[in-house]
Undergrad: 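Dropping a structure here in structure tokens format, bear with me for questions.
None of these values were measured; they are calculated from a predicted model. Counting from 1, the numbers follow the sequence of the chain as shown.
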Amino acid sequence: MSFTLLPITAVIAGAILLVLALYLLQWLRTRTSVVVVAAVYFWQQVNHQAPARVLWQKFRYWFALLLSSLIVLLIWLAFAGIQLGGQKANTQSLYFLDNSVLMLAHGNMAAAKAQLMSDFAADATPIHQVWLGDAGATLLLKSDESEALLAPRLAAVEATVHQTSFMPWLQALQARTAQNTAVDIYYYGVALNRAALATIPANFTFHPRYIAEPVSRNLGIVALGQAPAASAVWGKVDVMFQLYASDDTQLNASLIKFALNGHWFQPSEVKPLGNGRFKLSNLDVSTAPQQLQLALTQADDFTADDTATLTLATLPTLNIQLGNGLPAWLPKLLTLDKGVSLVANTADVSVCLAGDAQCPSAAASLVLDDSLDKVVFAAPTHYWQASLQNQWRQNGWQTLVEQQQFPALVMQQSDTRQVRLSVNAINQLLQEQSAELPRIISQSLRWLANNSQMTPYLAIGEPWPQDPMTTSTLEPLPLEAGLLENSQGQSWSAALLSTTDSRVITERPALEAETSMMPLNANSMLFWCLMVALLLLLAEWMLIQRGHLP
């Protein structure tokens with residue numbers, strides 16, 4: 001910007017004063033008088049009567065005055081900071097730099113910062129702010145702060161793994177901006193949806209100054225999650241992940257390599273689940289929390305989704321208290337489960353026969369009921385039902401039910417969490433020495449003890465399962481680097497993109513960047529006015545040299 005921005009009245013008054021000063025100087029300018037005498041002896045008399053140089057004569061050189069006035073006025077306008085079509089007092093210029101994950105490709109961030117610095121240096125709007133589009137959209141430079149602070153602050157800005165926050169920021173800006181305030185928004189970031197931008201009010205003007213170019217090819221890890229092992233073995237979890245390819249690359253497990261606590265290993269089995277999803281079964285989590293890292297075996301044009309890290313859950317030991325009259329095989333079976341501890345009081349789950357009046361008090365209970373022919377899961381809400389049904393299918397129990405080799409599943413709503421098992425069905429599994437008997441008891445106990453249901457498959461950035469019986473909706477999971485947490489406080493560690501985000505970075509942007517220059521402002525006025533003034537000075541010097549001007 002120029003060093004001063006004067007009001008238009010001061011600019012006009014200054015211009016008038018400068019022209020008047022030049023006019024007076026032209027009048028007071030000393031000039032040479034031409035006097036013709038008949039003889040040499042008349043020179044002394046002429047010198048007394050008509051001096052050779054005088055300050056006041058008839059004004060003759062209007063062209064010289066006009067040329068000098070133009071030169072002075074151009075210099076004055078340049079340093080006064082006047083703008084063509086001047087800005088209104090309540091006009092704001094807001095610069096939004098998006099540093100979301102898609103800006104990691106192709107050096108987009110460096111190019112966007114360079115464009116922003118160039119545009120900002122040419123802005124003379126009284127109110128101008130720079131916003132950074134991080135996860136919450138923060139103010140990078142205030143209107144009353146020195147412009148010298150912008151360059152070092154931008155140097156510290158890097159693109160990170162989060163979704164763009166421009167549209168939420170824009171909606172919040174509209175809510176707090178008066179309708180009579182003109183706002184120019186200069187945007188530097190990823191391609192935006194034209195339909196969303198169509199809702200911008202009339203007092204907002206959107207300038208897409210830099211739009212990130214798409215990548216030509218992307219292969220990435222777009223989801224990662226974990227669940228209690230379908231085998232029902234304590235200390236084991238199943239891990240699911242999903243791959244995405246923007247081209248026709250065949251998605252298979254050979255595209256991924258695995259590391260546990262920094263040491264690469266090869267899983268014994270990676271089972272494909274379809275649609276680019278895969279499953280690692282029975283990963284050991286019986287020791288301290290472990291970090292599982294997935295990485296692509298081949299590089300592509302976009303590296304942000306080439307790796308993903310998951311903190312494997314630690315499964316706590318369940319405290320179980322037994323009631324009276326239980327079959328002798330049940331305590332023996334429970335002691336074989338390393339994740340179960342039989343206690344005399346303060347239990348997580350109590351195990352009793354139906355009708356046991358002295359059943360120990362606990363937050364949840366497993367009941368053996370000889371009047372049932374099904375397995376009944378009961379809880380205060382319906383939120384857990386979809387996950388439970390999915391686990392039931394994954395265990396293969398639904399197929400066994402259809403073959404009449406396993407009790408059917410029934411879900412009910414009650415004040416407390418409870419699982420009721422059919423004694424007849426249990427005895428049948430016991431007689432057949434079925435491996436499903438310890439599995440259903442183990443999963444029932446862990447379902448009762450753990451109020452939070454880990455979904456068998458978790459896609460980052462997608463909403464949690466919603467309760468179909470109510471109108472309540474859960475907030476979508478935020479995409480963050482390293483931590484994923486829902487409204488119930490459950491958290492997983494991950495750093496990856498959703499399938500939609502991975503697809504967008506390879507698509508041609510619908511919104512192209514502006515290529516035209518910004519409106520003429522103080523800096524451009526300073527340059528062009530000085531250039532024209534310099535040309536006029538050159539023209540004046542040439543006219544004087546040729547004798548056309550005094």
Side-chain angles (χ1 to χ4, degrees), residues 227-234 236 238 318 320-323 325-334 336-337 339-340 347-356 359-360 362-456 465 467-469:
S231 62
V233 177
W234 180 83
K236 305 289 185 180
D238 294 339
L318 303 182
I320 307 297
Q321 188 173 2
L322 303 179
L326 291 172
W329 59 265
L330 184 56
K332 294 180 180 180
L333 181 63
L334 292 177
L336 295 176
D337 191 334
V340 169
D348 299 316
V349 179
S350 62
V351 181
C352 304
L353 291 175
D356 185 357
C359 183
S365 58
L366 175 65
V367 179
L368 302 183
D369 192 339
D370 57 4
S371 64
L372 290 176
D373 58 354
K374 298 178 175 61
V375 178
V376 179
F377 282 74
T381 66
H382 292 277
Y383 171 70
W384 47 273
Q385 291 191 3
S387 176
L388 186 59
Q389 288 176 329
N390 197 13
Q391 290 181 12
W392 200 270
R393 286 192 297 270
Q394 283 196 353
N395 291 340
W397 291 343
Q398 185 60 37
T399 302
L400 295 178
V401 170
E402 295 170 357
Q403 298 173 356
Q404 297 183 350
Q405 298 178 15
F406 202 79
L409 170 67
V410 175
M411 290 176 287
Q412 296 179 351
Q413 191 167 359
S414 68
D415 295 334
T416 59
R417 295 175 64 85
Q418 188 181 76
V419 173
R420 303 177 70 87
L421 299 179
S422 167
V423 173
N424 294 332
I426 291 295
N427 289 333
Q428 180 182 352
L429 294 175
L430 184 63
Q431 291 174 2
E432 296 173 356
Q433 296 294 301
S434 173
E436 306 303 328
L437 176 58
R439 291 182 64 192
I440 191 171
I441 292 178
S442 176
Q443 287 208 352
S444 298
L445 291 174
R446 283 167 175 78
W447 181 83
L448 288 167
N450 185 8
N451 206 4
S452 60
Q453 285 295 297
M454 297 178 67
T455 55
D467 187 350
M469 304 300 293

Undergrad: Taking side chain as C-beta onward, heavy atoms only, is Leu448 less than 4.5 Å from Phe377?
TA: no
Undergrad: Taking side-chain contact (heavy atoms from CB on, under 4.5 Å) as the test, write out the residues that go with Ala354, two or more places apart.
TA: Val367, Asp369, Arg420
Undergrad: Using side-chain contact (heavy atoms from CB on, under 4.5 Å) as the criterion, list what pairs up with Glu436, not counting sequence neighbours.
TA: Trp397, Leu400, Phe406, Ser434, Arg439
Undergrad: Rounded to the nearest 0.5 Å, how far apart are OG of Ser365 and CD of Gln321?
TA: 12.0 Å
Undergrad: With a 6.0 Å cut-off (strictly less than), is the heavy-atom count around CD of Gln403, excluding the residue itself, greater than 12?
TA: yes
Undergrad: What is the minimum heavy-atom distance between Gln428 and Gln404, and which atoms define it?
TA: NE2-O, 4.4 Å
Undergrad: Please give me the minimum heavy-atom distance between Ser350 and Ala362, naming the atom from each residue.
TA: N-CB, 3.7 Å
Undergrad: Are Leu334 and Leu445 close enough, and set up right, to give a side-chain contact (heavy atoms from CB on, under 4.5 Å), and what steps lead you there?
TA: CA-CA 10 Å; Leu334 292 177; Leu445 291 174; 3.6 Å; yes
Undergrad: Quick one: does Leu421's side chain get under 4.5 Å of Ile441's, heavy atoms only?
TA: yes
Undergrad: As an exercise, state the distance from CZ of Arg417 to OG of Ser444, rounded to the nearest 0.5 Å.
TA: 11.0 Å
Undergrad: Could you tell me which residues satisfy side-chain contact (heavy atoms from CB on, under 4.5 Å) with Pro327, sequence neighbours excluded, listed by chain and number?
TA: Trp329, Leu368
Undergrad: Could you check whether any side-chain heavy atom of Val410 comes within less than 4.5 Å of a side-chain heavy atom of Leu372, counting everything from C-beta outward?
TA: no
Undergrad: Side chains of Leu336 and Pro438, heavy atoms from C-beta outward: is any pair under 4.5 Å?
TA: no
Undergrad: When rounded to the nearest 0.5 angstrom, what is the spacing between CG in Leu429 and CG in Asn424?
TA: 11.0 Å
Undergrad: Would you please test Leu409 and Val401 for side-chain contact (heavy atoms from CB on, under 4.5 Å) and show each step?
TA: CA-CA 9 Å; Leu409 170 67; Val401 170; over 6 Å; no
Undergrad: Distance from Leu366 atom CG to Trp447 atom CH2, nearest 0.5 Å?
TA: 11.0 Å
Undergrad: Donor-acceptor pair, distance only, cut-off 3.5 Å: does the side chain of Gln433 make one with the backbone of Leu430?
TA: yes
Undergrad: Provide the closest heavy-atom pair for Gly323 versus Pro360 in the form atom of the first, atom of the second, distance.
TA: CA-CD, 3.9 Å
